[in-house]
Amino acid sequence: MNKVLQRAEDAVALVPDGATIMIGGFGLCGIPENLIDALRIRGTKDLTIISNNAGVDDFGIGRLLRARQLKKMIASYVGENKEFERQVITGEIDVELIPQGTLAERIRAGGAGIGGFFTPTGFGTVVAEGKETRVIDGKSFVFEQPLRADFAFVKAWRGDRKGNLIYRRTARNFNPVMATAAKVTIAEVEELVEPGRLDPDAIVTPGIFVRHILQGPSYEKRIEKRTVRL
Amino acid sequence: MNKVLQRAEDAVALVPDGATIMIGGFGLCGIPENLIDALRIRGTKDLTIISNNAGVDDFGIGRLLRARQLKKMIASYVGENKEFERQVITGEIDVELIPQGTLAERIRAGGAGIGGFFTPTGFGTVVAEGKETRVIDGKSFVFEQPLRADFAFVKAWRGDRKGNLIYRRTARNFNPVMATAAKVTIAEVEELVEPGRLDPDAIVTPGIFVRHILQGPSYEKRIEKRTVRL
Amino acid sequence: MRDKRGRIVQRVARELKDGDYVNLGIGMPTLVANHVPADIDITLHSENGLLGVGPFPTDAEIDPDLINAGKETVTEVPGSCYFSSADSFAMVRGGHIDLTVLGALQVDEEGNLANWMIPGKKVKGMGGAMDLVAGARRVIIAMEHGTKEGGAKILKRCTLPLTGPRVVDLIVTELAVIEVTDKGLVLKEIAEDTTIEDVKKHTDATLIVPDHVGRF
Amino acid sequence: MRDKRGRIVQRVARELKDGDYVNLGIGMPTLVANHVPADIDITLHSENGLLGVGPFPTDAEIDPDLINAGKETVTEVPGSCYFSSADSFAMVRGGHIDLTVLGALQVDEEGNLANWMIPGKKVKGMGGAMDLVAGARRVIIAMEHGTKEGGAKILKRCTLPLTGPRVVDLIVTELAVIEVTDKGLVLKEIAEDTTIEDVKKHTDATLIVPDHVGRF
């Protein structure tokens with residue numbers, strides 16, 4: 001069983017038009033840069049993307065938006081992208097906004113075989129409209145459904161040939177949970193190592209969740225808001 | 001804010017008669033030996049214990065059973081303990097058996113603020129009796145409620161003064177999830193270190209979940225089934 | 001009058017208690033971190049997956065893999081740890097965050113909060129705000145007392161879409177500290193250079209004025 | 001006749017596919033690990049929190065922190081990893097385990113399984129069995145064809161409390177390999193030293209016998 005792919009092009013060749021893809025990352029931090037770019041080059045169309053944000057105009061998911069490859073975006077916050085705004089206004093793209101914690105928990109439920117769950121988040125707001133609500137122990141909850149995808153594109157720091165992954169700092173974010181909730185999870189890593197090289201107590205994503213893994217040739221790791229102290 | 005306690009006695013002094021305590025471990029692996037023994041010496045009574053197993057007759061939770069300190073046991077498997085069996089038959093102790101994955105998920109829900117969830121586990125069995133069931137996408141699910149406790153006693157390998165914990169091998173088991181679901185979580189560790197000494201990417205239990213931490217003076221780590229190859 | 005924002009965040013900082021785990025919202029709330037009293041130790045949570053947020057980095061320390069929920073580069077303090085978004089919001093939703101400080105567009109007499117959208121303007125999304133107000137043990141609103149146009153933000157009833165119902169515990173503005181109670185909004189303190197009448201004038205909601213109103 | 005258990009586990013091992021993630025139940029199913037074909041690579045899951053279970057340790061290798069779900073000391077293979085019980089059963093429930101091999105007290109024509117309790121005898125608990133049958137993609141039962149007393153275990157309808165309804169995919173005994181289908185139980189193979197009639201005699205359930213029945 002060989003999980004290793006040589007190039008991001010080989011990975012995105014598996015993705016048909018119209019697919020639903022979860023893409024890890026928070027802002028531009030911890031995004032699968034190489035897979036996103038390969039998808040843009042391949043030109044796969046009518047995609048539904050599930051990701052916390054929509055990138056910026058010229059980086060990350062923003063590049064797929066600019067190439068008009070998206071049909072729908074499911075996210076929690078999309079404020080940093082003018083092209084996205086334009087496409088929403090013209091109706092070229094559908095958008096579904098979900099509270100960040102509910103987005104994470106729905107994906108977790110999808111990966112963990114949970115049929116649905118009650119969360120306090122969004123009760124009494126537009127988020128709860130049309131949804132079942134329930135009072136449990138005096139507190140009000142909203143029923144939320146699991147979320148799954150055809151593919152998950154995740155970015156990790158280091159991974160091994162069996163698909164085990166570890167992450168670095170806040171580049172972890174949505175990557176581990178998305179890795180669990182897709183039919184086919186493809187991981188790109190900065191360094192691909194032999195099994196046994198990663199501390200088995202420190203592995204965050206067990207290889208069982210990862211179908212394909214590749215080492216990205218390079219990482220730009222663009223910074224969205226460079227804030228420094230003197 | 002000092003989370004460090006010097007002795008297990010100081011920790012169990014916080015626990016009143018009648019308390020509900022989650023105790024980490026799987027079989028005898030990864031159990032908080034020192035806290036259990038301190039609880040036995042203190043003689044705290046009428047306890048409800050939530051733990052995957054009930055120990056063996058002369059080690060772990062079995063010692064609390066022998067001292068008749070338990071009112072109720074919530075577990076998934078209790079087969080290794082004759083004194084437990086005797087107390088169940090005589091009605092001295094109540095027992096509630098929960099599928100292991102449902103036990104883990106109910107505790108996770110308790111710690112994660114989930115009001116309840118639908119699981120496929122136990123549908124069509126005695127486990128589902130009296131519970132709400134629901135068909136979701138053609139599959140049958142049972143509604144399960146969150147589980148919380150007054151205290152959680154957990155055992156980790158290494159911990160720091162801020163309560164961050166890492167675990168070793170399969171001694172992890174129920175410890176991390178229980179740490180999230182109690183009003184007061186008390187962790188015992190084999191080695192207590194200064195903050196910054198543990199790799200922040202490898203910490204499994206963030207310190208936010210741990211109210212008190214102590215270094216156990218010694219660990220017997222009894223083996224339940226010593227199986228070897230030649 | 002002192003700088004409004006400085007006054008607000010300094011007053012909010014006095015609400016911090018030793019050992020608190022605190023989530024500071026984007027914008028003005030982030031500044032509270034600069035005013036933590038020297039004798040207490042708090043831990044800052046960033047919902048993108050970090051407990052133990054440190055100050056902004058120097059140029060040499062900048063790390064693209066280390067940002068806060070506002071997407072700004074930050075540092076970590078010793079004893080910090082990282083976790084996934086799912087684990088982060090399990091922490092939030094499960095009531096483990098002692099305190100969150102957020103900005104607001106409107107707050108009302110019931111403690112309802114609106115801070116995520118204005119109908120007709122572009123919709124950016126709620127991010128983690130709805131989770132934070134539903135999950136944190138205590139929600140403090142740090143905001144200027146009125147709108148830029150001179151209108152009121154503390155209302156009888158919010159008119160904008162809610163972030164959460166009955167979620168606010170305390171409102172801190174440059175003019176007043178107001179506690180949300182079952183009976184309504186109680187005026188706890190007023191700024192040293194204002195009067196109760198002045199605060200009332202800038203507040204649409206009914207304020208309950210106790211015998212003793214403090215100064216800050 | 002060869003050793004019954006040896007025959008059963010060898011036949012079960014032929015169901016393994018390269019790349020499979022497999023959970024082996026306590027007792028006879030554990031022995032399947034000794035018969036994995038040399039040309040395939042599988043990963044063993046232990047529900048107490050380990051992917052990559054290795055063989056039993058030597059005396060020198062014994063580690064009390066490293067056990068399987070049967071509480072036996074084990075080893076890890078290179079590339080293994082550890083996780084909590086909550087994460088382990090998320091993996092199981094979420095359909096990530098390709099195959100589980102379990103023992104049984106009774107199986108019936110609908111694929112219902114009973115393997116956790118006998119009323120009137122002491123109740124030990126279901127452990128992880130109900131989760132495994134509800135979550136694993138494929139459930140294979142490895143058991144002796146009849147009870148020690150000579151009674152049938154493959155029934156028209158289970159009489160003992162169920163572990164799960166309609167969960168079994170394949171039954172492997174020392175006499176037969178039986179597939180559970182929507183139409184009922186299909187006899188796929190019989191042991192080389194038995195007959196279809198003999199298998200039927202030891203089976204209470206109705207067996208569908210196709211034109212071709214293999215041998216093993």
Side-chain angles (χ1 to χ4, degrees), chain B residues 1-4 22 104-117 145-149 152 156 158-167 176-185 187 189 192-213, chain C residues 16-23 36-54 63 65-67 74-100 128 130-137 139 164 167:
Chain B
M1 177 82 175
N2 178 27
K3 295 186 175 187
V4 179
M22 291 180 179
E105 189 68 12
R106 288 183 60 191
I107 297 168
R108 194 236 172 226
I114 297 297
F117 59 91
Q145 295 178 309
L147 202 53
R148 291 186 55 81
R158 300 172 77 202
D160 70 22
R161 285 191 297 100
K162 290 189 172 182
N164 294 303
L165 305 177
I166 64 173
Y167 303 87
V177 72
M178 286 179 171
T180 70
K183 285 184 203 130
V184 175
T185 291
V189 297
L192 183 61
V193 303
E194 287 302 301
R197 284 277 307 283
L198 304 177
D199 175 359
D201 286 325
I203 287 167
V204 172
T205 293
I208 191 172
F209 296 116
V210 176
R211 181 82 62 88
H212 302 292
I213 187 166
Chain C
L16 301 172
K17 289 195 300 292
D18 188 40
D20 274 353
Y21 290 90
V22 180
N23 183 296
V36 180
D39 58 338
I40 73 167
D41 189 18
I42 67 162
T43 305
L44 294 176
H45 172 262
S46 189
E47 63 265 31
N48 54 321
L50 167 57
L51 260 180
V53 184
D63 180 346
D65 288 338
L66 181 40
I67 64 171
V74 291
T75 56
E76 61 177 39
V77 300
S80 64
C81 62
Y82 298 92
F83 34 83
S84 74
S85 300
D87 289 344
S88 185
F89 283 95
M91 206 176 270
V92 169
R93 201 190 303 107
H96 303 282
I97 304 294
D98 295 299
L99 173 64
T100 187
M130 287 188 182
D131 305 281
L132 281 164
V133 299
R137 288 195 196 147
V139 176
V167 294

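This one's a predicted model, so the numbers in the text were calculated from it and none came from an experiment.
For the options B:Gly113, B:Pro200, B:Pro146, heavy-atom pairs under 4.5 Å to chain C are most numerous at B:Pro200. Ranking C:Gly95, C:Ser80, C:Cys81 against chain B, the residue ahead of the rest is C:Cys81, based on heavy-atom pairs under 4.5 Å. Put simply, of B:Val193, B:Asn2, B:Asp199, B:Ile203, the one with the most heavy-atom pairs under 4.5 Å next to chain C is B:Ile203. Listed options C:Gly49, C:Gly19, C:Gly52, C:Gly79 were ranked by heavy-atom pairs under 4.5 angstrom with chain B; first place goes to C:Gly79. Among C:Met91, C:Lys17, C:Arg93, the residue making the largest number of heavy-atom pairs under 4.5 Å with chain B is C:Arg93.
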Side chain to side chain contact (heavy atoms under 4.5 Å, CB included) assessment of C:Asp20 paired with C:Ile40: CA-CA 9 Å; C:Asp20 274 353; C:Ile40 73 167; over 6 Å; no
Apply side chain to side chain contact (heavy atoms under 4.5 Å, CB included) to residues B:Arg211 and B:Thr185 and explain how you reach the verdict. CA-CA 5 Å; B:Arg211 181 82 62 88; B:Thr185 291; 5.5 Å; no
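Taken to the nearest 0.5 Å, the CG atom of C:Leu50 stands 9.0 Å off from the OG1 atom of C:Thr75. Here B:Asp160 contributes atom CG and B:Leu165 contributes atom CG; the two are 8.0 Å apart, rounded to the nearest 0.5 Å.
Of the atoms belonging to C:Val92, not a single heavy atom falls under 4.5 Å from chain B. With a 4.5 Å cut-off on non-hydrogen atoms, B:Leu198 does not touch chain C at all. There is no contact between B:Arg197 and chain C, counting heavy-atom distances below 4.5 Å.
The aromatic rings of C:His45 and C:Phe83 sit parallel to each other, their planes meeting at less than 30°, with 60° as the upper class boundary.
The backbone N or O of B:Gln145 lies less than 3.5 Å from a partner atom in the side chain of B:Arg106, making a donor-acceptor pair.
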